[in-house]
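Structure, as structure tokens:
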Number of protein chains: 4
Amino acid sequence: MKKSARFKQILLSDSTEYLMEAHSGLSARIVEDAGFTAIWGSGLSISASMGVRDANEASWTQILEILEFMSDATSIPILVDADTGYGNFNNVRRLVKKLEQRNIAAVCIEDKIFPKTNSLINGASQPLADIDEFSGKIKAAKDVQLDDDFCVVARVEALIAGHGMGEALRRAEAYRQAGADAILIHSKLSEPDEVLTFMQEWNDRCPVVLVPTTYFNTPAQVFEEAGASVIIWANHTLRASIRAMQETVGMIYRQRSVIEVQERIVSLKDVFTLQKLEELQKAEGKYLPRKNNTH
Amino acid sequence: MKKSARFKQILLSDSTEYLMEAHSGLSARIVEDAGFTAIWGSGLSISASMGVRDANEASWTQILEILEFMSDATSIPILVDADTGYGNFNNVRRLVKKLEQRNIAAVCIEDKIFPKTNSLINGASQPLADIDEFSGKIKAAKDVQLDDDFCVVARVEALIAGHGMGEALRRAEAYRQAGADAILIHSKLSEPDEVLTFMQEWNDRCPVVLVPTTYFNTPAQVFEEAGASVIIWANHTLRASIRAMQETVGMIYRQRSVIEVQERIVSLKDVFTLQKLEELQKAEGKYLPRKNNTH
Amino acid sequence: MKKSARFKQILLSDSTEYLMEAHSGLSARIVEDAGFTAIWGSGLSISASMGVRDANEASWTQILEILEFMSDATSIPILVDADTGYGNFNNVRRLVKKLEQRNIAAVCIEDKIFPKTNSLINGASQPLADIDEFSGKIKAAKDVQLDDDFCVVARVEALIAGHGMGEALRRAEAYRQAGADAILIHSKLSEPDEVLTFMQEWNDRCPVVLVPTTYFNTPAQVFEEAGASVIIWANHTLRASIRAMQETVGMIYRQRSVIEVQERIVSLKDVFTLQKLEELQKAEGKYLPRKNNTH
Amino acid sequence: MKKSARFKQILLSDSTEYLMEAHSGLSARIVEDAGFTAIWGSGLSISASMGVRDANEASWTQILEILEFMSDATSIPILVDADTGYGNFNNVRRLVKKLEQRNIAAVCIEDKIFPKTNSLINGASQPLADIDEFSGKIKAAKDVQLDDDFCVVARVEALIAGHGMGEALRRAEAYRQAGADAILIHSKLSEPDEVLTFMQEWNDRCPVVLVPTTYFNTPAQVFEEAGASVIIWANHTLRASIRAMQETVGMIYRQRSVIEVQERIVSLKDVFTLQKLEELQKAEGKYLPRKNNTH
């Protein structure tokens, strides 16, 4: 099954499915190996992993290159967090073409202004896009896609920006009418109340995607019962890697030795396995003349 | 002090200094924050993090882009592991120009054949470069550098390839005469015997760099006493991140929850700090008109 | 019809068809507008247009990006001149995957050594690849392609390198047996004798591609009668642009005026037409709210 | 002399100097060879040459890569046409850092909205940036530059957008006070009246740059007498190349022959000379062992 068709199935299925963040070819492969059926290509995580800010400091083609490595490294669909779409409707059209070429299943765009501000920064200004202008982006994305199964998720930032439930619902409905395949309703509260209210009011007009980063303490069952189509664990892969790197690198620095960290790290063999070295070695046997191969 | 001057100082100082691997802007910043004075830009780790093999599957400009993010994210020098130099002497000249522009302090090239094979793969064929051809690469690199302090480290793979100590010493001497600023003598034994023998025979004709990946059990003091200029912990940052990502992603998958992993991951605030968000917020206060800033 | 299927048709048709060189999105569009049914993505022209040498100074992904713009800008198939394949069989596999994603119809690889030397440089050394190693590249390319219609053209450099007709035929046959969809037989003589001899001996075992750059004086009818499948005009688009730029820029410099060059240049309106501005303006009418659109 | 210092000298000198457009490494070298002392890295020409529109369809790093080839291929300064700066003040900061690393002498940014609309499209909406927001961009650019000689040119689009002379002067003054090293006053009239009026009112408060694309019929002497610092021939190199490619490719298509176009194109030898092949051949003699070199 095509990756895009598989993702559409995830969106439309009756059960709640879980997407796990990845930010590189390597982490994407780890997410697939763990059993997840789809990947969240997080803008925050990708930018952080590059050492830049989640404010469109990296260009959209630099992000695209990371996504291409992620797609090449995995067989499960990726939903890309494409911020505001990196410009206007025309930039979104170009993005969708490029994502489809790279076998990316779906894109999520948010109704804010380029360059973006991360939604979870305390006290940050979060100016929203004009509702018609953003609806035009969604229409343009849907019109330009070549693969019928490619999905466009509209991310509503009205609650993040403090504009209230009415505005959130009004925007969600406009984006649905513009052709969005699903609505991601984002919240930065530590409790799920506002997203649950949204879902009740929304009443399943189209699939809903949730991102419990700040309200992580809520058991998943709550979202499943509320009818969430997809739950995204949006940045935990990166955050796990940071803690490990900080601790292990710190130990090595202090101890001037890697002896004690051996249990905190995988073996080189495991690295080679993740790189699918074995396939290359078999291929060398097949395509390289023996004289070059064994020297 | 320029990054290149600082690295040259590290090479030429009497004490043994330690380089820690990084493979991204983020991991490079973590290495600097931990206290290390220089970074090893590992070819294995960068390729693994992209989800490809350490066999020149990523192009040299894709690697260069990662290195640029690493250099931008840090204030300490980077020694780049540039495999075989990605072609012949002319490709090396081009590489050196590009590294200098990106404020990379030094490059290490190895005397094998493009495309490369990772040195630590069991049983892999490791054809060596012609000694004169490789010496030409070093000369070309030294002739093309604009910054006198930029360093070229010649990596001798004769022991890896099974050609013995005589060949290793003969090559090291040729590369030194060609202008190499230091010799990296590589070994895949689990004991340091052959690198220690090399150092004794070499007798400090120029600085020596060691990579105790397989012979990690040897206390650093042994290398310090033997007069090693630089020790490289070559891939442990990546290997720590892999273990953490595998474990944490696995837990999240099984538990359908991120509640229990909170202690295994850093906070979002820590992510923002690593991204230097505060600098951006101050700059917004300075350069953005209030109306745009607070909306 | 898919671009790849269209190119296969060109290769297999009874008539001789003509490919015209392009080196950018713009020149590719000009070639299509002129009526040509396929494009030669010339390595020499692309490198020259970048201001670098035809010696793999640009990385393969930098070339790939140019090719992507060329493919996006046109609806006719592109045969890519991919030099030696930028490495070994494994690099070729990666290249083919990337070309297919970008909707490139076909690739041509030549049996020389990376980094390559342009075939038409007087007196240059032209070391040939090992015949088995190069056959392995072709096999690997054919095995990895996802689209059955993607074509691999094997370029035989034996005549260029001075190894004679026997070697040329031996190599062509080996590459055909390895799966090549066509043979490009290259010559740097000013007369077509050796390529005509080759074609006679070859006796149409598979389609033959000719590149009459040095033997341009021969009327096309000669190649058509000899049964050539494809004739490539390999670098004339670039060479025309260079002459025009040199002359026009020179005039402007001397005259401190652009008045007299108006007849030597197209209008801005023509530039906008080549950029397909009209499509964007229509799309703005459709996707941008009026308030943003007219200000 | 540094390229940036040379460009500053051009801006500050008493005489009027001329910049010629280039859009690739090749065209940049042709401009330098013709005698010009500086290059205009035109956004329109670069996008057109890629086959995309002058509407920020190519990402800023794709443009940067073209600029890097242009800078590497030449020894004279480049003034980059960076549209609106590709985002807000923070994107401009990042751009300036990257331009400086690539040895680009100066940047020109215009006071419109991202994504941009080409200034010379008939009837197009040309919304202007907020004056304070754009002044913030200039301040940010000046604060972040490491090289004191790097120049920032502020392009005033008030006349293009139909806001009149008062607005143009008000904006020019604000940008000068924000730190702009020069003002580019743009006009789409076919007569120079409004730019001449501007210059009279402006009274040399800082250097003025003119772009006589639509009012090309005015003799340069007029601008020299009016005190223009720099005249930019903004797109004529590209437009010459397009005419030549269209005509020559058309002839080849119709004639199925390149015989008659030989006089309209440069020789292959000229191509090799532009690529500086001779330097490579000398270097091969120096750095490649004879056995590899002559085969």
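We name chains A, B, ... by the order of the sequence lines, and we start the count at 1 in each one. This is a predicted model, so every value here is computed, not measured.
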- Note on the structure: Here the pair of heavy atoms bringing B/Ala58 nearest to A/Phe69 is CB-CZ, 4.4 Å
- Message: Show the nearest heavy-atom pair for residues B/Leu26 and A/Ala48, with the distance to one decimal.
- Response: CB-O, 3.2 Å
Could you have a look at [options] and say which one has the most heavy-atom pairs with chain A under 4.5 angstrom?
| options | result |
| --- | --- |
| B/Ala244, B/Ala240, B/Ala73 | B/Ala240 |
| B/Ile259, B/Thr248, B/Val261 | B/Ile259 |
| B/Ser49, B/Ser27, B/Ser45 | B/Ser49 |
| B/Arg254, B/Glu65, B/Gln255, B/Arg256 | B/Arg256 |

- Query: Where do A/Met20 and B/Ile252 land on the side-chain contact (heavy atoms from CB on, under 4.5 Å) test, with the steps shown first?
  - Reply: CA-CA 9 Å; A/Met20 185 78 229; B/Ile252 295 171; 3.7 Å; yes
How far does [atom1] of [X] sit from [atom2] of [Y], to the nearest 0.5 angstrom?
| X | Y | atom1 | atom2 | result |
| --- | --- | --- | --- | --- |
| A/Ser241 | B/Ile30 | OG | CD1 | 6.5 Å |
| B/Leu277 | A/Asn122 | CG | CG | 10.0 Å |
| B/Phe216 | A/Ile265 | CZ | CD1 | 8.0 Å |
| B/Glu57 | A/Lys276 | CD | NZ | 12.0 Å |
| A/Arg29 | B/Ile242 | CZ | CD1 | 11.0 Å |
| A/Trp233 | B/Ser257 | CH2 | OG | 5.5 Å |

Please look at [X] and chain A and tell me whether the side chain, the backbone, both or neither of the residue comes under 4.5 angstrom of a heavy atom of that chain.
| X | value |
| --- | --- |
| B/Ala22 | neither |
| B/Ile113 | neither |
| B/Ser267 | backbone |
| B/Leu280 | both |

Counting heavy-atom pairs under 4.5 Å to chain B, which of [options] comes out on top?
| options | value |
| --- | --- |
| A/His23, A/Gln62, A/Glu21, A/Gln246 | A/Gln62 |
| A/Ile121, A/Thr218, A/Leu274, A/Ile231 | A/Ile121 |
| A/Gly35, A/Ala220, A/Ala161, A/Gly250 | A/Gly35 |
| A/Asp270, A/Thr74, A/Val52 | A/Val52 |

- Query: Is it true that a side-chain atom of B/Arg239 and a backbone atom of A/Val266 form a donor plus acceptor pair closer than 3.5 Å?
  - Reply: yes
- Are more than 12 heavy atoms from other residues, nucleotides or ligands located less than 6.0 Å from atom CD of A/Glu224? yes
- Would you find more than 12 non-hydrogen atoms of other residues, nucleotides or ligands less than 6.0 Å from A/Gln262 atom CD? yes
Side chain, backbone, both or neither: which part of [X] has a heavy atom under 4.5 Å from chain B?
| X | value |
| --- | --- |
| A/Leu44 | both |
| A/Ser47 | both |
| A/Asn217 | both |
| A/Leu238 | side chain |
| A/Phe272 | side chain |
| A/Ala55 | side chain |

- With sequence neighbours excluded, residues passing side chain to side chain donor-acceptor pair (under 3.5 Å) with B/Thr16: none
- Is A/Glu279 salt-bridged to B/Arg53, going by a charged N under 4.0 Å from an acidic O? yes
- Message: Looking at B/Arg243 and A/Glu263, is there a salt bridge between them, counting it only when a charged N and a carboxylate O are closer than 4.0 Å?
- Response: no
- Query: Are B/Leu268 and A/Asn118 close enough, and set up right, to give a side-chain contact (heavy atoms from CB on, under 4.5 Å), and what steps lead you there?
  - Reply: CA-CA 11 Å; B/Leu268 266 189; A/Asn118 183 280; 5.7 Å; no
- Stepwise side-chain contact (heavy atoms from CB on, under 4.5 Å) test for B/Met50 and A/Ser24: CA-CA 6 Å; B/Met50 288 169 152; A/Ser24 62; over 6 Å; no
- Task: Dump the intermediate steps for side-chain contact (heavy atoms from CB on, under 4.5 Å) on B/Phe36 and A/Val249, then the final yes or no.
- Result: CA-CA 9 Å; B/Phe36 280 96; A/Val249 168; 3.7 Å; yes
